[in-house]
Amino acid sequence: MNVDQILDQFEATGTQTCFHGRHIEPQIYKDLDGTNWRLKDYVARGGYAALRKILGKEEGAETEPLTQDQVIATVKESVLRGRGGAGFPTGLKWSFMPRQFPGQKYLVCNSDEGEPGTCKDRDILMYNPHIVIEGMIIAAYAMGISVGYNYIHGEIFQVYDRFEEALQEARDAGMLGQNILGSAFSFQLHAAHGFGAYICGEETALLESLEGKKGQPRFKPPFPASFGLYGKPTTINNTETFAAVPWVIRHGGQAYLDIGKPNNGGTKIFSVSGDVELPGNYEVPMGTPFAKLLELAGGVRKGRTLKAVIPGGSSSPVIPAAQMMELTMDYDAIAKAGSMLGSGAVIVMDDSRNMVESLLRLSYFYSHESCGQCTPCREGTGWMWRVVDRIWHGHGRREDLDLLNSVADNIQGRTICALGDAAAMPVRAMIKHFRPEFEALIEQAAQRGAAHA
Ligand SMILES: Cc1cc2nc3c(=O)[nH]c(=O)nc-3n(C[C@H](O)[C@H](O)[C@H](O)COP(=O)(O)O)c2cc1C
Ligand code: SF4
């Protein structure tokens, strides 16, 4: 299928970005065809077997239930790292939940997915919603939580509607609600949707929004594990993180770890976009060479060469082509190269792209999405955008690159949440790797100015 056919299909059917059959060892996207999302289809694919296993309710036999400690130990062993961006080990996060806390505790799924380039979670929810529901029930069991929410990005309401339908199916089948599968464990799960603000993907802003307030990040500490939703202990994970859990429980932590590479267990879904022949979501083992991922995505557009890659969503620093072609796709390798695997949104840029123009687009996004609480972020993101704007439009000054680096320095590490860092890092990386492109425009402006003097 070529890119035009894929885009035609996309326009005709919505978001069919994961049915191209070009995944390697998929677990989450395996055997999806766009229609087989219902509970009966999921059960036919082995769904809810992990839930039965932990509750001791396996088909045809009453078995010994797993203890909470056993479930958490299995997730720790798998080295499943959070797929929302930071790559924090999931089992460790679950162990922070004060299980003996006498009051209400909450579980939250972060399906806000606002990072530019990322489009994997909406496909999971649309085409395999029960895998997230099962993952959340298992997490709730492990941490002794009785109420959960899935916060779903606004603007994609068909995904929200689909998840609500799947929730009802699970309730009707006794998988959710009181005494799940006849066990002593009860868990109520609800869906909630945002209205498209990028900042509501930051976990504490999400909690504020879920409480019905303005979506602005909180100071940390205290962290959500002690002061989360409505001030109660709360665990938050990304959609893809929860979606990985059923496989881990069914097959064991070590088996999951073995699919990826040390310290980077399992598969990861990469949303490959930009200048490739076959954009889409690709699920591959952690540690897959970038060159292989690019090949799956049909390679760089015909007649073009690779210039650079933003490997983990718009906030991750850009990596030049030659360096990127040597890297593997996992948290540690990308971090060693000075960037981040982030949410797994791989934005491919070919030699037709001007980096000043690309940075202009990115800086505008961050200045638009700043929530405005901290002065360095509120003022600095707009300042960086205006400076890049004047360079791109031929009015750059020779001191502008130093100025941009200085503004970025004064944002990074000085704000309440990581949006400030996310805005600063692309600016520094673009200047570091592609300085001549900025200098050429600034020099042209200086010479025009001299000619008019
Ligand atoms: C500005 C900003 C936006 C974020 N957006 C998302 C998002 O859309 N989805 C997500 O899962 N995590 C997002 N995160 C990360 C979350 O704060 C949090 O770390 C994550 O949901 C934890 O889940 P994990 O441990 O499974 O990765 C964002 C963080 C920041 C600073
Ligand atoms: S860093 Fe930016 S987005 Fe985050 S709290 Fe501060 S102003 Fe808001």
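Quantities reported herein were computed from a predicted structural model and do not represent experimental measurements. Counting convention: from 1, in listed order, for ligands and their atoms alike.
Take a cut-off of 2.8 Å around atom 8 (Fe) of ligand 2: the protein N, O or S atoms inside it are Cys371 SG.
In summary, Arg38 and Glu165 engage in a salt bridge, as defined by a charged side-chain N under 4.0 Å from a carboxylate O.
When Ile347, Val346, Leu293, Val348 are each tested for a side-chain contact (heavy atoms from CB on, under 4.5 Å) with Val276, only one passes: Val348.
Annotation: ring pair (Phe, Tyr, Trp, His ring centres under 6.0 Å) contacts involving residues 86-109, sequence neighbours excluded, comprise Tyr106-Tyr230.
Contact between Phe242 and ligand 1 is absent, with no heavy atom of the residue lying under 4.0 Å from the ligand. Not a single heavy atom of Ala422 sits less than 4.0 Å from an atom of ligand 1. Using 4.0 Å as the threshold, Glu113 has a heavy atom nearer than that to some atom of ligand 1.
Between His130 and Tyr48, the two ring planes are perpendicular [angle over 60°; tilted spans 30° to 60°].
Taking every non-hydrogen atom of Asn237 and a distance limit under 4.0 Å, the qualifying atoms of ligand 1 come out as 23 (O), 24 (P), 25 (O), 26 (O).
Ring to ring, Tyr141 and Phe187 are not that close: their centroids are 6.0 angstrom or more apart.
Applying the salt bridge (charged side-chain N to carboxylate O under 4.0 Å, His left out) test to Lys268 and every residue at least two apart in sequence or in another chain returns Glu240. Annotation: side chain to side chain contact (heavy atoms under 4.5 Å, CB included) contacts of Ala192 (sequence neighbours excluded): Leu210.
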